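Worksheet: one structure, shown below.
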2 protein chains.
Amino acid sequence: MENRIEKIKKQLHSQSYKLTPQREATVRVLLEHEEDHLSAEDVYLLVKEKSPEIGLATVYRTLELLSELKVVDKINFGDGVSRYDLRKEGAEHFHHHLVCVECGSVKEIEEDLLGHVEKTVESQWEFQVKDHRLTFHGICKNCQSEHD
Amino acid sequence: MENRIEKIKKQLHSQSYKLTPQREATVRVLLEHEEDHLSAEDVYLLVKEKSPEIGLATVYRTLELLSELKVVDKINFGDGVSRYDLRKEGAEHFHHHLVCVECGSVKEIEEDLLGHVEKTVESQWEFQVKDHRLTFHGICKNCQSEHD
DNA sequence: GTGTCAAATTATAATGATTTTAATTTATTT
DNA sequence: AAATAAATTAAAATCATTATAATTTGACAC
Ligand SMILES: [Mn+2]
Ligand SMILES: [Mn+2]
Ligand SMILES: [Zn+2]
Ligand SMILES: [Zn+2]
C-alpha cells in the first residue's frame with residue numbers, strides 16, 4: 001500500500017503535481033477498493049469518512065488528474081455515471097470486464113488475451129494499437145447454476 | 001432501405017410496439033447515417049429537418065426502445081454523451097471500433113475477431129458470453145503518416 | 001520570520017444531458 | 001360515436017459534472 005502510494009507520488013511529481021492530503025486520501029480509497037468500480041460520488045463519500053472536509057469538486061479533479069496520468073481508467077458501464085478503475089500494478093494495458101446481464105456483477109480479467117487480435121488489427125487495418133477496452137456481456141457462473 | 005425498415009417494423013410489432021411516424025423518421029435518420037455515431041441531439045436535429053414537429057423526448061424514448069430491441073447499440077466514447085449505433089444487417093454481435101487518440105476519428109471493424117478469445121473466456125472463467133464491446137485506442141493510418 | 005506568488009481547495013452556482021410530468025393527440029376497441 | 005390505451009409534446013425537473021470566485025496552503029525570496 002505505502003509502496004503503491006510512493007509510486008503514484010513520484011508519478012505526480014514527475015509532472016510537477018503534488019500529492020496533497022486530499023489527493024492522498026483519494027488514492028487511499030481507490031487502493032482500498034481496488035476490486036470495485038466506484039463512481040466519483042462513491043469515492044467522495046468514502047473519502048469523506050476519513051477526511052470530512054473534502055469537497056466533491058476536488059474528488060472530481062483528482063480523479064481526472066489520475067486519469068490523465070493513467071493511474072486510473074475512467075469507464076462507463078452504461079448507467080449514467082463514470083467509474084474509476086485503478087490500473088493493475090505494472091499493467092501495460094487496461095484489464096477486461098465480464099458483466100453479468102442477470103445480476104449485474106462485474107468480474108475482472110487481468111490476462112491480456114488480445115495479443116493476437118491486436119496483431120491482426122495492426123496489419124489488416126494499419127492501426128497502431130496503444131490500448132483497448134473490452135467488456136463481455138453474458139451470464140456469470142453463479143447465475144448459470146441458478147437457471148436450471 | 002425499405003427492406004430494413006420493414007424488418008424493424010416487424011421487430012417492433014413482435015413486442016406489440018407500433019412503428020409510429022416519429023419512430024419511422026428516427027429509424028430513417030439512423031439508416032441514412034449508418035457509418036456515423038450520432039448522439040440523441042444529433043439524431044433529433046436530423047429528424048427535425050424532415051419532421052419539424054418532433055420532440056427531443058420522443059427521440060430519446062425511441063432510441064431507448066430501439067436499444068432494448070437490439071436494433072441499435074448505445075455506446076459511450078468518453079465525451080459526455082451517449083451515441084447510438086445501428087447493428088449491422090444480420091450481425092450476431094456488436095461491431096468493434098478503432099478510435100484515434102490523435103484526430104478522434106472512429107473506424108469500424110465488422111469482422112468478429114473474438115471467437116477464440118470468447119472460447120477461452122467461456123472455459124477458463126465459466127462465463128457464458130452473449131455479446132461484447134471492444135474498442136481499440138491508438139493511431140490511425142492517416143495520423144501515422146503525418147507523424148514522420 | 002514575514003511577504004509574495006502559484007497551486008490547490010472549498011462552497012456554490014452554472015451547465016448540459018437525460019428523464020419525468022401533465023396535458024394533448026392518435027389509434028384502437030366497443 | 002364514446003371509451004380506452006398508447007404515444008407524443010412542451011415544459012419542468014433531475015442529476016452528474018464543470019466552472020467560478022473566494023479562501024487556504026505551501027514554497028520561495030527577502
Ligand atoms: Mn476493473
Ligand atoms: Mn460503430
Ligand atoms: Zn450473474
Ligand atoms: Zn488519426
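Side chains included, hydrogens not; waters and symmetry mates left out as well; all remaining heavy atoms used. Each chain gets a letter, A, B and so on, in the order its sequence line appears, and its residues count up from 1. Just so we're clear, the structure is a prediction, and the values are computed from it rather than from any experiment.
- As rounded to whole Å, 13 Å separates atom P of C/dT26 from atom NZ of B/Lys18.
- Using a cut-off of 4.0 Å between Lys/Arg side-chain N and Asp/Glu carboxylate O, B/Lys74 and B/Glu64 are scored as salt-bridged.
- The salt bridge (Lys or Arg N to Asp or Glu O under 4.0 Å) analysis of residues 38-57 of chain A, with sequence neighbours excluded, yields the pairs A/Asp42-A/Arg83.
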Every protein N/O within reach of nucleotides 15-20 of chain D N/O, cut-off under 3.5 Å:
residue : atom : partner : partner atom : Å
D/dT17  : OP1  : A/Ser82 : N            : 3.0
D/dT17  : OP1  : A/Ser82 : OG           : 3.3
D/dT17  : OP2  : A/Tyr60 : OH           : 2.5
D/dT17  : O5'  : A/Tyr60 : OH           : 3.2

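- At whole-Å resolution of the value, CD1 in A/Ile54 and P in D/dT24 are 17 Å apart.
- A cation-pi contact, defined as under 6.0 Å to the ring centre and within 45° of the axis, links B/Arg133 to B/Phe94.
- Atom CZ of B/Arg23 is separated from atom P of C/dT25 by 19 Å (rounded to the nearest Å).
- Remark: of the listed residues A/Val121, A/Leu113, A/Val117, A/Leu114, A/Leu114 is the sole one forming a side-chain contact (heavy atoms from CB on, under 4.5 Å) with A/His132.
- Note: CD (A/Glu53) to P (D/dT23) measures 19 Å, nearest angstrom.
- Separating the CG atom of B/Asn76 from the P atom of C/dA17 is a distance of 13 Å, rounded to the nearest angstrom.
- Whole-Å rounding puts the A/Asp79 CG to C/dT19 P distance at 12 Å.
- Contact annotation for A/Thr20: backbone-only contact, meaning every heavy-atom pair under 4.0 Å involves sugar-phosphate atoms and none involves a base.
- With rounding to whole Å, B/Gln22 atom CD is found 13 Å from C/dT24 atom C1'.
- A/His13 has its NE2 atom 12 Å from the C1' atom of D/dA27, to the nearest Å.
- Taking a cutoff of 4.0 Å between a charged side-chain nitrogen and a carboxylate oxygen, A/Glu32 and A/Arg28 do not qualify as a salt bridge.
- Less than 6.0 angstrom separates the ring centroid of A/Phe77 from the ring centroid of A/His37.
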